[in-house]
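Quick notes on the structure that follows.
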Amino acid sequence: MRIVSVVGTRPQLIKAAALQPALRRDHEEIFVDTGQHYDNAMAGAFFAELGLAEPDHSLGIGGGGHGDQTGRMLIALEPLLRAATPDAVVVYGDTNSTLAGALAAAKLGIPVAHIEAGLRSFDRRMPEELNRVVADHLSSWLFAPTPAAVDNLTAEGITAGVVEVGDLMLDLAARVSAEVRGPAVLAALASRLNLPIATGGFLFATVHRAENRSLEAMTAWTALLGAVAAPDRPVVLALHPGTRAALDAAQIVLPPNVIVIEPQGYRTSLALQLHAAAVLTDSGGVQRESAWLGVPCLVLRTTTEWVETVGGPDSSAVLVGLDVSAAVRELDSRAPRDSSGRQATDRAANLRLVSAGAPERIASVLASTAPRVTVGA
Ligand code: UD1
Ligand code: UDP
């Protein structure tokens, strides 16, 4: 099959790195990068680190409002897809690049394969929820990561073309897990980034959701990070450039013991999660990775589409929203100060991740199954 795959953001480069080897064994891939993310630390650096092929087409779209950004993607993708005449277009996740890839293809009658289909937070104020719903309803192959995602699709009347394949990102985490678990890894990165941290002696954080960039939300989550940070247990915040710009515009200064670092590479992100006492994040990817790594995760949101990771006292993650007292309480019970060092040391030493086999399954389903519908002109 000739397949155009469309990526554009950091998590999509990471997902493409998981799928690309299997996809290219069975298919011809034309690799398109919309350039939604464009800083080296958010995009370019992942090509070399993860062994991704150079894009056949770099659209250079960059940032902008939703209509503007998505519209420019559609304008660039339509002639490209007409000329490439692929048998399928693969889109990943729930970003504006996902929406544009799915919509441009479906309008041209090209079958769409959606990876991470069926996820729902049931909160349509999230741009990602709108992108997921539209991409799923336009897709011919729906590669669901979890049973709950399959159920969500069934509830919306979509059953044909749905295949539960497991989580693609687990494959990549499994591939590199042996490279991040040694205690020397943390020591080396602490020295490289000049961070005063030791195993289990810090909290790792990321924040980038649109809902967490309002003045009110930024005031709340910066206070929350300040409340859980301490001189002997600092918060290391790998700051998304969009969040940094929003904090700067609002002139918000981060509290003491919250150490801001640039966005990091994939292995560094995994290592910082694995060796932390706990993770605080609004990232879907980090929430799942922390579950696989076995590190307690406080989700700085009130909803989640990754329902398997939350729910009970034994679940790896808990939704705390921006509630300071809930965050303090959950940290006290899930990552008590007197045992965090030992917990993190044991966790890293015992880490053995195994791929769910999603990349091979996706490539083989694409090779062997006809698309469920033919749409468009
Ligand atoms: C996007 C996705 C989100 C995903 C996230 C992953 C949408 C609607 N949102 O959010 O689902 O979880 O990527 O990280 O598609 N910026 C830079 N440099 C960059 C990238 C972004 O400075 O390399 C800044 C720009 O000011 C830009 C802003 O961040 O306008 C927002 O970027 P954008 O790609 O629109 O959305 P994200 O917040 O990154
Ligand atoms: N990540 C990274 N560097 C960082 C922060 C996160 O490589 O500084 C990785 C993280 O390990 C995960 C992915 O980026 O694999 C998640 O992407 P992001 O949080 O941008 O988006 P989301 O998953 O919320 O869509």
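Bear in mind the structure is a predicted one, so any value in this text is a computation, not a measurement. Counting convention: from 1, in listed order, for ligands and their atoms alike.
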Task: Between CD1 on residue Ile110 and CG on residue Leu81, distance to nearest 0.5 Å - done: 4.5 Å
TODO: Decide whether an N or O pair under 3.5 Å exists between Arg213 and ligand 1.
DONE: yes
Open item on the list: Below the 3.5 angstrom mark, is there an N/O of Gln36, backbone or side chain, next to an N/O of ligand 1?
Closed with: yes
Task: Nearest non-hydrogen partners of Ala230 and Arg337, listed with the distance - done: CB-NH2, 3.2 Å
- [ ] May I ask you to check whether Glu262 has an N/O atom sitting below 3.5 Å from an N/O atom of ligand 2?
- [x] no
Task: Of the listed options Ala205, Pro263, Ser283, closest to atom 16 (C) of ligand 2 (non-hydrogen atoms) - done: Ser283
Task: Nearest protein heavy atom with distance in Å, relative to atom 17 (C) of ligand 1 - done: Tyr38 OH, 3.1 Å
Open item on the list: Strictly below 4.0 Å, N to O, side chains only: are Arg132 and Glu116 in salt-bridge contact?
Closed with: no
TODO: For atom 9 (N) of ligand 1, grab the closest protein heavy atom and report residue, atom and distance to one decimal in Å.
DONE: Glu128 OE2, 3.8 Å
TODO: May I ask whether Leu270 has any heavy atom positioned less than 4.0 angstrom from an atom of ligand 2?
DONE: no
TODO: Consider every N or O of Gly285 and every N or O of ligand 2, then say whether any pair is closer than 3.5 Å.
DONE: yes
Open item on the list: Suppose we measure from atom 10 (O) of ligand 1 to each protein heavy atom; which comes out shortest, and what is that distance?
Closed with: His37 NE2, 4.3 Å
Task: Backbone or side-chain N or O of Arg10 under 3.5 Å from ligand 1 N or O - done: no
Task: N/O separation below 3.5 Å, His240 to ligand 1 - done: yes
Open item on the list: I want to confirm something. Looking only at heavy atoms, which of Thr95, Asn96, Leu99 is nearest to atom 8 (C) of ligand 1?
Closed with: Asn96
Task: Residue that, paired with Asn131, satisfies side chain to side chain donor-acceptor pair (under 3.5 Å) out of Asn96, Thr95, Thr70, Asp94 - done: Asn96
Open item on the list: So for ligand 1, is Thr9 a polar contact partner (N or O within less than 3.5 Å, distance only)?
Closed with: no
TODO: Give a yes/no on ligand 1: does Ala43 have at least one heavy atom closer than 4.0 angstrom to it?
DONE: no
Open item on the list: If we only consider heavy atoms of Gln273, is any one of them less than 4.0 Å away from an atom in ligand 2?
Closed with: yes
Open item on the list: Checking a contact table here: which protein heavy atom is nearest atom 35 (O) of ligand 1, and how many Å away?
Closed with: Gln69 NE2, 3.4 Å
Task: Contact with ligand 2 for Met169, non-hydrogen, under 4.0 angstrom - done: yes
Open item on the list: Counting only heavy atoms closer than 4.0 Å, does ligand 2 sit against the backbone of His240, its side chain, both, or neither?
Closed with: neither
Task: Gln264 N/O under 3.5 Å from ligand 2 N/O - done: yes
Open item on the list: Would Ser269 count as being in polar contact with ligand 2, using the rule that some N or O on each side must be under 3.5 angstrom apart?
Closed with: yes
Open item on the list: Using a 3.5 Å cut-off on N or O atoms only, is Phe204 in polar contact with ligand 2?
Closed with: no
Open item on the list: Students often mix this up, so state it plainly: with edges at 30° and 60°, are the rings of His240 and His208 parallel, tilted or perpendicular?
Closed with: parallel
Open item on the list: Can you report which non-hydrogen protein atom sits closest to atom 29 (O) of ligand 1, along with the distance?
Closed with: Gly242 CA, 3.1 Å
Task: CG on Leu189 to CD1 on Ile261, rounded to 0.5 Å - done: 8.0 Å
TODO: Would you mind listing which atoms of ligand 2 come within a distance below 4.0 Å of any non-hydrogen atom of Pro11?
DONE: 17 (O), 20 (O), 21 (O), 25 (O)
Open item on the list: What protein heavy atom lies closest to atom 12 (O) of ligand 1? Include the residue and the distance to one decimal.
Closed with: His208 NE2, 2.8 Å
- [ ] With heavy atoms only and a cut-off of under 4.0 Å, state how Arg209 meets ligand 2: side chain, backbone, both or neither.
- [x] side chain
Task: atom 18 (N) of ligand 1 [closest protein heavy-atom partner, distance rounded to 0.1 Å] - done: Asp39 OD2, 3.0 Å
Open item on the list: Which residue and atom name correspond to the protein heavy atom nearest atom 6 (C) of ligand 1, and how close is it?
Closed with: Pro11 CD, 3.5 Å
